[in-house]
K.L.:
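Below you'll find the structure I mean.
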Amino acid sequence: MNGILIIAHAPLANALRQCALHVFPDCGALVAAIDVQPNLSPEETLGSARIALDQLGAQPNVKGVLVLADIFGATPSNVAQKLVDGVRTRLITGVNLPMLLRSVSYRHEPLDTLVSRAMVGGTQGVMQVAVTAQQNQPRRSHDQDERDHQQ
């Protein structure tokens, strides 16, 4: 089994973790989050991230940790790069919710397989959705723009 560490600009990491817990309430011990605060130095964030990584690695049956960061080249990614060894810990940047949910779903698979599944989940979760006309709803005369109420 693998742990998952999310490192992102505040408050994204903890928000993503909460979404994962909403869908998978039993994953709490295996998903950790570090919100990078604007007032902390990268060294302070790195210290917190090392503690979180060590705690995940100390969980029973955890063989590896997948680290997910938000933006390549930004502080969360730079901190994460100092954590991972490429063997027991791997890093993917560009985290999104589909990527995280796929990672949690397949956390039991070997780390290399988990990385592949996470990447696929993240990219397949991004798509353009065609805008369609609202069905079975008459247009109201006071609507100025028919797109105002589309979601």
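Treat the numbers as computed from the prediction; the structure is a model and nothing was measured.
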K.L.:
The test is side chain to side chain contact (heavy atoms under 4.5 Å, CB included); show your working for Asp112 and Arg90 and say whether it passes.
P.N.:
CA-CA 8 Å; Asp112 286 338; Arg90 301 280 300 274; 2.4 Å; yes

K.L.:
Quick one: closest heavy-atom pair of Cys27 and Ala20, and the distance?
P.N.:
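Smallest interatomic distance, heavy atoms only, reads SG-O, 4.0 Å.
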
K.L.:
Are Leu91 and Val79 connected, step by step, through hydrophobic side chains (Ile, Leu, Val, Met, Phe, Trp, Tyr) whose heavy atoms are closer than 4.5 Å?
P.N.:
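Looking at the clustering, Val79 is in the same group as Leu91.
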
K.L.:
Using the side chain to side chain contact (heavy atoms under 4.5 Å, CB included) rule, take Val31 and Leu21 through it: C-alpha gap first, then chi angles, then the decisive distance, then the call.
P.N.:
CA-CA 9 Å; Val31 178; Leu21 288 171; 5.9 Å; no

K.L.:
State plainly whether one hydrophobic cluster holds both Val23 and Leu66, where clusters connect Ile, Leu, Val, Met, Phe, Trp and Tyr through side-chain heavy atoms under 4.5 angstrom apart.
P.N.:
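Both belong to a single hydrophobic cluster.
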
K.L.:
Provide the closest heavy-atom pair for Pro98 versus Gly121 in the form atom of the first, atom of the second, distance.
P.N.:
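Heavy atoms of Pro98 and Gly121 come nearest at CB-O, 3.4 Å.
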
K.L.:
To the nearest 0.5 Å, what is the distance between OG1 on Thr123 and CE on Met99?
P.N.:
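Here the interatomic distance stands at 7.5 Å.
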
K.L.:
Taking it one step at a time, do Met1 and Gln59 satisfy side chain to side chain contact (heavy atoms under 4.5 Å, CB included)?
P.N.:
CA-CA 10 Å; Met1 182 163 339; Gln59 294 288 326; over 6 Å; no

K.L.:
Between Leu5 and Leu83, does a side chain to side chain contact (heavy atoms under 4.5 Å, CB included) hold up when you go through it step by step?
P.N.:
CA-CA 11 Å; Leu5 175 60; Leu83 290 176; 4.0 Å; yes

K.L.:
For Asp85 versus Arg88, what's the shortest heavy-atom pair and its separation?
P.N.:
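Closest approach of Asp85 to Arg88, heavy atoms only: OD1-N, 2.9 Å.
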
K.L.:
Which residue is it: Val67, Ile7, Leu68? I am looking for the one with a side chain to side chain contact (heavy atoms under 4.5 Å, CB included) to Val95.
P.N.:
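Testing Val95 for a side chain to side chain contact (heavy atoms under 4.5 Å, CB included) against Val67, Ile7, Leu68 leaves exactly one candidate, Leu68.
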
K.L.:
How long is the span from the NE2 atom in His108 to the NZ atom in Lys63, to the nearest 0.5 Å?
P.N.:
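Answer rounded to 0.5 Å: 10.5 Å.
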
K.L.:
Can you tell me how far apart CG (Leu111) and CG (Asn2) are? Round to the nearest 0.5 Å.
P.N.:
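Taking CG in Leu111 and CG in Asn2, the distance rounds to 5.0 Å.
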
K.L.:
Do Asn78 side-chain atoms and Gly73 backbone N/O form a donor-acceptor pair below 3.5 Å?
P.N.:
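Checked: pair present.
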
K.L.:
As an exercise, state the distance from CZ of Arg50 to NZ of Lys82, rounded to the nearest 0.5 Å.
P.N.:
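Arg50 atom CZ to Lys82 atom NZ measures 8.5 Å (nearest 0.5 Å).
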
K.L.:
Supply the atom-to-atom distance Leu46 CG to Thr75 OG1, rounded to the nearest 0.5 angstrom.
P.N.:
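Leu46 CG to Thr75 OG1: 11.5 Å, rounded to 0.5 Å.
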
K.L.:
Can you name the nearest heavy-atom pair linking Arg17 to Ile6, along with the distance?
P.N.:
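Taking Arg17 first and Ile6 second, the nearest heavy atoms are N-CD1, 4.0 Å.
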
K.L.:
Given the rule that I, L, V, M, F, W and Y join up when any side-chain heavy atoms are under 4.5 Å apart, are Val65 and Val84 in one cluster?
P.N.:
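The answer is yes; both residues are in one hydrophobic cluster.
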
K.L.:
How long is the span from the CG atom in Leu114 to the CZ atom in Arg117, to the nearest 0.5 Å?
P.N.:
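One gets 9.0 Å once the value is rounded to the nearest 0.5 Å.
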
K.L.:
Tell me, please, which residues at least two apart from Asn61 pass side chain to side chain donor-acceptor pair (under 3.5 Å).
P.N.:
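If we apply the side chain to side chain donor-acceptor pair (under 3.5 Å) test to Asn61, skipping adjacent residues, there are no hits.
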
K.L.:
Hydrophobic clusters here meaning ILVMFWY residues chained together by side-chain heavy-atom distances under 4.5 Å, can you tell me if Ile92 and Ile4 are in one?
P.N.:
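Yes, same cluster.
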
K.L.:
Taking all heavy atoms of Ser48 and all of Ile34, pick out the closest pair and write down the distance.
P.N.:
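So the minimum-distance heavy-atom pair works out to O-CD1, 3.8 Å.
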
K.L.:
For the residue pair Asp35 and His9, what are the closest heavy atoms and their distance?
P.N.:
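Looking at all heavy atoms of both residues, the shortest contact is OD1-O, 4.1 Å.
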
K.L.:
Any link between Phe24 and Tyr106 through a network of hydrophobic side chains (Ile, Leu, Val, Met, Phe, Trp, Tyr) touching at under 4.5 Å?
P.N.:
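Both belong to a single hydrophobic cluster.
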
